[in-house]
Trainee: 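Input: one structure, supplied below.
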Amino acid sequence: MTVVMILLCLAIAGRELYLAFERRRGAGAPEIADLRTQLAALKGTREEFGRFRSKATGSLEETDARIRSLIAQINDRMVPDVNERLGRQREAVERLGGDVAALRAHLVRRLDQAVAASLGADPVDFVAGTLAAEPSARPALTEPYERLAAHYGLRVELADHDRYYLSGRSPRALESDFLDLLTALRTRCEQTGGERTGGERTASPRAEGTGSDGTGSDGTGSDGWAEPLVSALRGLDRGGAGIGPLLLARTPGSLVCGVLPLAELLRPETARLLDDPDGAVLRLRDLPDTRACDLSSWPALH
């Protein structure tokens, strides 16, 4: 009987424990279900985040590639232009530096001349010059022009666009030398058959240092010093050059050289005569034969 009672008590206690466990498990079921729902939602969010990350990574790579492409295009298009502009500015600064140095040297020479004049020295003679051509063609004329001026004892004091200011010889002394140059040019034209006017021309007195054959003391003929400048003018459609009374004018149909009378140099319009090469050619053709020479068909220039 006692054993039966013990077993019965154990059965009742086990049942109560089971019922209590069931009640406790049933109370936590909604929480567990909610946790499962949240876990499922988190899993979906993670998957969505993974897809977004993949998409964002692709967009970032595409954007980066576009940025690199834009930078490359900017470098290809703008950098050369910027470098070119910087180069032009650097050249302008260098030219400006050269001009300032030339002006300083010119000022020093003028001061030296003023000091010498105050001590009784003769004043320095000056003449004006002109080099008329398109800016792109001017470099080809500058060197032969300045070499011809130097051959006749002239120093370039200042060059301002197409105007030159030269020192060292008087206009009257240059007039004599340039008439001698015309004689040499005319003789060469007659010898080669390039100029046929059928009349005799009176030769001017020979310039100092020039032999009877028109050859200078260094073996170079008077026309030889002028030939580079004449040839350079021949390569232009329009232009001209002037050194004191000497004038060379080029048009598409002609190339004429002449020596203007000194009195004409006093006229203001003479300084701008080469602004109109056609008018300059007409003026030179009006000069006496001893003061003009037509170089249009000089074979040495072809």
Side-chain angles (χ1 to χ4, degrees), residues 102-103 105-132 141-186 203-212 214-230 232-233 240-249 257-268 270-274 280 284 287-288 290-293:
L103 286 173
H106 170 69
L107 179 60
V108 170
R109 286 197 300 271
R110 293 301 302 271
L111 291 173
D112 289 339
Q113 293 165 6
V115 170
S118 67
L119 296 174
D122 294 332
V124 178
D125 293 310
F126 280 84
V127 295
T130 306
L131 193 59
L141 298 177
T142 300
E143 182 179 354
Y145 177 88
E146 294 183 356
R147 288 181 60 189
L148 180 62
H151 171 66
Y152 284 100
L154 295 170
R155 175 200 294 270
V156 177
E157 293 291 343
L158 183 65
D160 183 28
H161 299 291
D162 61 342
R163 293 285 291 172
Y164 273 77
Y165 298 91
L166 311 163
S167 68
R169 298 289 303 282
S170 69
R172 189 165 301 279
L174 288 173
E175 180 185 35
S176 176
D177 287 353
F178 289 150
L179 288 173
D180 179 79
L181 172 62
L182 285 186
T183 300
L185 292 173
R186 189 181 301 110
S204 63
R206 291 189 300 274
E208 182 179 355
T210 303
S212 60
T215 302
S217 59
D218 61 352
T220 302
S222 300
D223 56 330
W225 288 98
E227 182 175 342
L229 179 59
V230 176
L233 287 170
I243 302 176
L246 178 68
L247 203 68
L248 297 95
C257 176
V259 179
L260 298 174
L262 296 184
E264 192 167 332
L265 299 181
L266 298 174
R267 300 175 184 174
T270 302
R272 311 309 306 179
L273 189 59
L274 286 176
L284 293 176
L287 293 173
T290 55
R291 285 185 171 270
C293 180

Trainee: Looking only at non-hydrogen atoms, find the nearest pair between Leu274 and Ala241 and report the distance.
Mentor: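 So the minimum-distance heavy-atom pair works out to CD1-N, 3.5 Å.
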Trainee: Which distance, rounded to the nearest 0.5 Å, do you find between the CZ of Arg147 and the CG of Leu229?
Mentor: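 The CG atom of Leu229 is 11.0 Å from CZ of Arg147, to the nearest 0.5 Å.
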Trainee: Roughly how far apart are Leu273 CG and Leu247 CG, rounded to 0.5 Å?
Mentor: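 The CG atom of Leu273 sits 5.5 Å away from the CG atom of Leu247.
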Trainee: Which heavy atom of Phe178 sits nearest a heavy atom of Leu246, and at what distance?
Mentor: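 Here Phe178 and Leu246 meet closest at CD1-CB, 3.4 Å.
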Trainee: Any chance CD of Glu143 has more than 12 other-residue heavy atoms, nucleotides or ligands included, within less than 6.0 Å?
Mentor: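 No - once you tally the heavy atoms of other residues, nucleotides and ligands closer than 6.0 Å, there are 12 at most.
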Trainee: Locate the shortest heavy-atom distance separating Leu182 from Ala292; write the atom from each residue and the value.
Mentor: CD1-N, 3.7 Å
Trainee: With rounding to the nearest 0.5 Å, note down the distance linking CG in Leu174 to CG in Leu154.
Mentor: 5.0 Å
Trainee: Within the side chain of Arg291, is there an N or O that forms a donor-acceptor pair under 3.5 Å with the backbone of Gly258?
Mentor: no
Trainee: What's the separation between atom CG in Leu131 and atom CD in Glu146, rounded to the nearest 0.5 Å?
Mentor: 8.5 Å
Trainee: Working note: Leu233 + Leu141, criterion side-chain contact (heavy atoms from CB on, under 4.5 Å); need CA distance, chi angles, decisive distance, verdict.
Mentor: CA-CA 7 Å; Leu233 287 170; Leu141 298 177; 4.0 Å; yes
Trainee: How many angstroms lie between atom CG of Leu265 and atom CG of Leu260, to the nearest 0.5 angstrom?
Mentor: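 With rounding to 0.5 Å, CG (Leu265) is 6.0 Å from CG (Leu260).
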Trainee: Please answer whether the main-chain N or O of Glu264 pairs with a side-chain N or O of Thr270 as donor and acceptor at a distance below 3.5 Å.
Mentor: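 Looks like yes, one N/O pair under 3.5 Å.
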Trainee: So, Ser167 and Glu157: side-chain donor and acceptor under 3.5 Å apart, yes or no?
Mentor: yes
Trainee: Does Arg155 have more than 12 heavy atoms from other residues, nucleotides or ligands lying within 6.0 Å of its CZ?
Mentor: no
Trainee: Could you pull out the closest heavy-atom pair between Pro171 and Leu262, with the gap in Å?
Mentor: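 Pro171 and Leu262 have their closest heavy atoms at O-CD2, 3.8 Å.
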Trainee: Measure the spacing between CG of Leu158 and CZ of Arg163 and express it to the nearest 0.5 Å.
Mentor: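 Taking CG in Leu158 and CZ in Arg163, the distance rounds to 10.5 Å.
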Trainee: Does any N or O in the side chain of Tyr145 come within less than 3.5 Å of the main-chain N or O of Gly242, such that one atom is a donor and the other an acceptor?
Mentor: yes
